[in-house]
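Working notes, structure below.
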Amino acid sequence: MASEASTIAIAGAGSIGCYVGGCLALAGREVVFLGRGSVIEAMRKSGLRVSDLDGRDRRLEAKAVAATDDPAIALHEAHVILVTVKSGATEEMAGLIAAHGRPDAVVVSLQNGIDNADRLRAALPGRRVLTGMVMFNVVLSPDGEAPLRAHRASQGEVMIDTGADGLVDILDVDGLAVEAHADMKAVQWGKLLMNLNNALVALSDLPLARQLADRSWRVILAAEIDEALAAMKAAGIAPARITGLPPALLPKVLRLPDWLFGLLARRMLAIDPQARSSMWDDLKRGRATEIDELQGAVIRLARQTGIPTPVNERVAALIRQAEAEKRGPPKLMARNVNGGP
Ligand SMILES: NC(=O)C1=CN([C@@H]2O[C@H](COP(=O)(O)OP(=O)(O)OC[C@H]3O[C@@H](n4cnc5c(N)ncnc54)[C@H](OP(=O)(O)O)[C@@H]3O)[C@@H](O)[C@H]2O)C=CC1
Ligand SMILES: CC(C)(CO)C(=O)C(=O)O
């Protein structure tokens with residue numbers, strides 16, 4: 001059973017890992033960050049700043065941060081391992097956990113997409129792997145800002161599977177609201193609907209608040225969600241309510257005129273002006289995106305049930321093109337995504 005004395009490893013210290021681990025360390029939990037390159041160097045040199053749009057702005061001095069790029073050091077004593085790598089690195093991280101982690105450690109995936117926890121489970125037979133989901137956006141400061149800053153740029157909680165004794169209590173700390181949920185598959189599908197916007201933010205290069213305030217982008221998101229909901233319905237999947245609105249109402253609300261959307265979607269628009277999306281980060285840094293786990297999951301599900309997904313396919317193709325070109329977010333207009341010049 002996890003307790004306040006448990007050691008928590010952050011397996012992949014990037015945006016989510018630094019924010020979640022930072023809040024936990026500030027609350028007095030024993031935290032070890034496993035990461036790479038400039039992130040680990042920055043934390044070792046100047047510690048970590050953890051802030052949020054509610055006005056918290058806190059600092060962990062370098063001596064209070066245990067940060068390493070050595071998986072043996074990070075994982076061997078951990079009772080709880082929070083997996084915060086992008087989906088493309090899930091199997092690699094599972095291999096490190098298998099090699100260096102305690103067999104009785106509880107492993108929690110805090111990743112977007114539908115199948116990361118299942119993939120961890122498959123690669124870690126006999127170990128306890130739970131599904132988690134992060135509902136908020138985190139902006140990690142650009143290379144060179146000292147101290148490194150992880151800023152929670154929107155509202156929301158972390159949800160994890162019910163039934164993990166004591167885990168919610170040790171993870172639910174100031175700045176990090178954690179709740180148990182009995183049906184994490186439904187949560188994953190519900191969150192996926194929101195994550196279909198990650199690609200649109202990445203293609204537009206607009207901050208999330210500005211992109212969502214523009215109906216020409218919202219109607220594309222609404223069309224992606226229509227396709228996803230049709231595929232889920234045909235497959236018998238009922239996505240959980242994530243945004244405060246029932247999933248079936250989302251496309252209708254997104255298609256409202258800007259002034260009415262602004263009034264009705266106040267919670268959705270309570271976003272720091274810096275917030276974008278994790279896929280925008282990937283294009284910006286020239287890394288592989290999670291397009292196969294997001295739009296790709298919708299397209300695969302739809303194919304099983306004969307539902308057409310032209311909008312998700314077009315968006316996925318544009319992201320793959322931007323990934324291959326490695327010139328960062330392509331700054332498209334909504335009409336370009338719709339097939340116009
Ligand atoms: N960012 C956000 O606001 C949100 C993200 N999410 C989800 O959370 C998950 C994590 O996203 P995010 O925090 O943005 O991802 P990041 O890319 O910012 O962080 C992951 C970090 O893990 C590091 N890493 C990868 N493999 C290893 C390894 N073998 N050993 C050590 N370090 C490693 C990466 O290093 P390197 O860069 O060198 O590969 C990177 O720094 C994703 O599934 C994402 O979709 C969910 C909600 C919001
Ligand atoms: C919070 C949200 C939906 C958008 O920032 C996200 O999950 C992401 O960026 O991956």
Side-chain angles (χ1 to χ4, degrees), residues 9-22 32-43 52 67-75 81-97 99-100 108-117 119-120 131-143 148 150-159 187-188 190-202 207-209 211-212 221 242-243 268 270-272 274-294 297:
I10 301 296
S15 305
I16 294 299
C18 287
Y19 182 78
V20 169
V32 188
F33 294 87
L34 170 63
R36 292 206 278 228
S38 57
V39 170
I40 294 302
E41 238 170 72
M43 280 200 273
D52 64 39
T68 177
D69 57 8
D70 183 338
I73 294 176
L75 299 173
I81 301 175
L82 303 181
V83 177
T84 53
V85 290
K86 288 266 164 58
S87 306
T90 296
E91 272 74 21
E92 184 189 340
M93 190 50 79
L96 297 178
I97 295 170
H100 304 290
V108 187
S109 163
L110 293 184
Q111 301 158 283
N112 279 331
I114 302 303
D115 64 0
N116 279 300
R119 286 162 52 199
L120 287 169
T131 305
M133 189 55 78
V134 176
M135 300 302 162
F136 50 79
N137 175 260
V138 171
V139 177
L140 195 65
S141 54
D143 280 356
L148 180 77
H151 179 68
R152 177 167 58 75
S154 63
Q155 301 291 355
E157 56 288 297
V158 174
M159 288 187 188
V187 169
Q188 288 177 318
K191 175 76 191 298
L192 182 70
L193 297 174
M194 274 171 83
N195 282 138
L196 295 177
N197 200 40
N198 287 15
L200 304 184
V201 170
L208 182 55
Q211 180 261 347
L212 272 180
L221 176 59
I242 301 295
T243 58
M268 223 191 256
I271 311 168
D272 189 289
Q274 299 175 66
R276 284 187 165 84
S277 71
S278 51
M279 196 174 289
W280 178 87
D281 287 341
D282 289 333
L283 286 190
K284 192 79 185 164
R285 291 169 197 240
R287 297 182 303 204
T289 72
E290 294 185 307
I291 196 73
D292 277 341
E293 283 73 24
L294 303 178

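We number each residue from 1, following the sequence as shown. Below, all heavy atoms of this structure are taken into account, side chains as well, without hydrogens, waters or symmetry copies. Predicted model, so just to flag it, every value in this text is computed and none were measured. We count ligands from 1, going down the list as the structure has it; atoms in each ligand are counted the same way.
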Among all protein non-hydrogen atoms, which one is nearest to [atom], and what is the separation to 0.1 Å?
atom                    : answer
atom 3 (O) of ligand 1  : Val138 N, 2.8 Å
atom 24 (N) of ligand 1 : Val85 CG1, 3.8 Å
atom 6 (C) of ligand 2  : Asn195 ND2, 3.3 Å
atom 18 (O) of ligand 1 : Ser15 N, 3.0 Å
atom 8 (O) of ligand 1  : Leu110 O, 3.4 Å
atom 1 (N) of ligand 1  : Ser278 CB, 3.5 Å
atom 5 (O) of ligand 2  : Asn137 ND2, 3.0 Å
atom 48 (C) of ligand 1 : Phe136 O, 3.0 Å
atom 19 (O) of ligand 1 : Gly14 CA, 3.1 Å
atom 22 (O) of ligand 1 : Gly12 CA, 3.3 Å

Structural part of Val201 in contact with ligand 2, heavy atom criterion under 4.0 angstrom: neither
Residue portion contacting ligand 2 (non-hydrogen atoms closer than 4.0 Å) for Asn112: side chain
Selection from Glu290, Arg36, Met133, Met93 by shortest heavy-atom distance to atom 35 (O) of ligand 1: Arg36
For atom 8 (C) of ligand 2, the option (of Gly156, Gly113, Ser278) bearing the nearest heavy atom: Ser278
Backbone or side-chain N or O of Ser154 under 3.5 Å from ligand 2 N or O: no
Min N/O separation Asn198 to ligand 2 under 3.5 Å: yes
Treating [X] as the side-chain partner and [Y] as the backbone partner, does any N or O pair qualify as donor plus acceptor under 3.5 Å?
X      : Y      : result
Gln111 : Val85  : yes
Arg119 : Ser87  : yes
Ser154 : Asn137 : yes
Lys191 : Val134 : yes

Classify the contact between [X] and ligand 1 as side chain, backbone, both or neither, using a heavy-atom distance cut-off of under 4.0 Å.
X      : result
Met135 : neither
Met279 : neither
Arg285 : neither

List ligand 1 atoms under 4.0 Å from [X], heavy atoms only on the residue side.
X      : value
Arg287 : 17 (O), 37 (O)
Thr84  : 10 (C), 19 (O), 20 (C)
Lys86  : 11 (O), 12 (P), 14 (O), 15 (O), 16 (P), 17 (O)
Glu92  : 29 (N)
Lys191 : 46 (C), 47 (C)

Met279 touching ligand 2 at heavy-atom level, < 4.0 angstrom: no
Backbone or side-chain N or O of Ile16 under 3.5 Å from ligand 1 N or O: yes
Ligand 1 N/O within reach of Asn112 N/O, cut-off under 3.5 Å: yes
Test item, Leu96 contacting ligand 1 (heavy atom, 4.0 angstrom): yes
Test item, Ala13 contacting ligand 1 (heavy atom, 4.0 angstrom): yes
Asp272 and Arg152: CA distance, side-chain angles, deciding distance, side chain to side chain contact (heavy atoms under 4.5 Å, CB included) verdict: CA-CA 8 Å; Asp272 189 289; Arg152 177 167 58 75; over 6 Å; no
Proximal atoms of ligand 2 relative to Arg276 (non-hydrogen, under 4.0 Å): 5 (O)
Atoms of ligand 2, numbered as shown, that sit under 4.0 Å from any heavy atom of Phe136: 1 (C)
Nearest-0.5 Å distance that lies between atom CD in Glu157 and atom CE in Met135: 6.0 Å
Side chain to side chain contact (heavy atoms under 4.5 Å, CB included) assessment of Asn116 paired with Gln188: CA-CA 10 Å; Asn116 279 300; Gln188 288 177 318; over 6 Å; no
Steps toward side chain to side chain contact (heavy atoms under 4.5 Å, CB included) verdict (Glu290, Asn198): CA-CA 9 Å; Glu290 294 185 307; Asn198 287 15; 5.5 Å; no
Residue pair Thr68, Ile40: steps toward the side chain to side chain contact (heavy atoms under 4.5 Å, CB included) verdict: CA-CA 6 Å; Thr68 177; Ile40 294 302; 5.6 Å; no
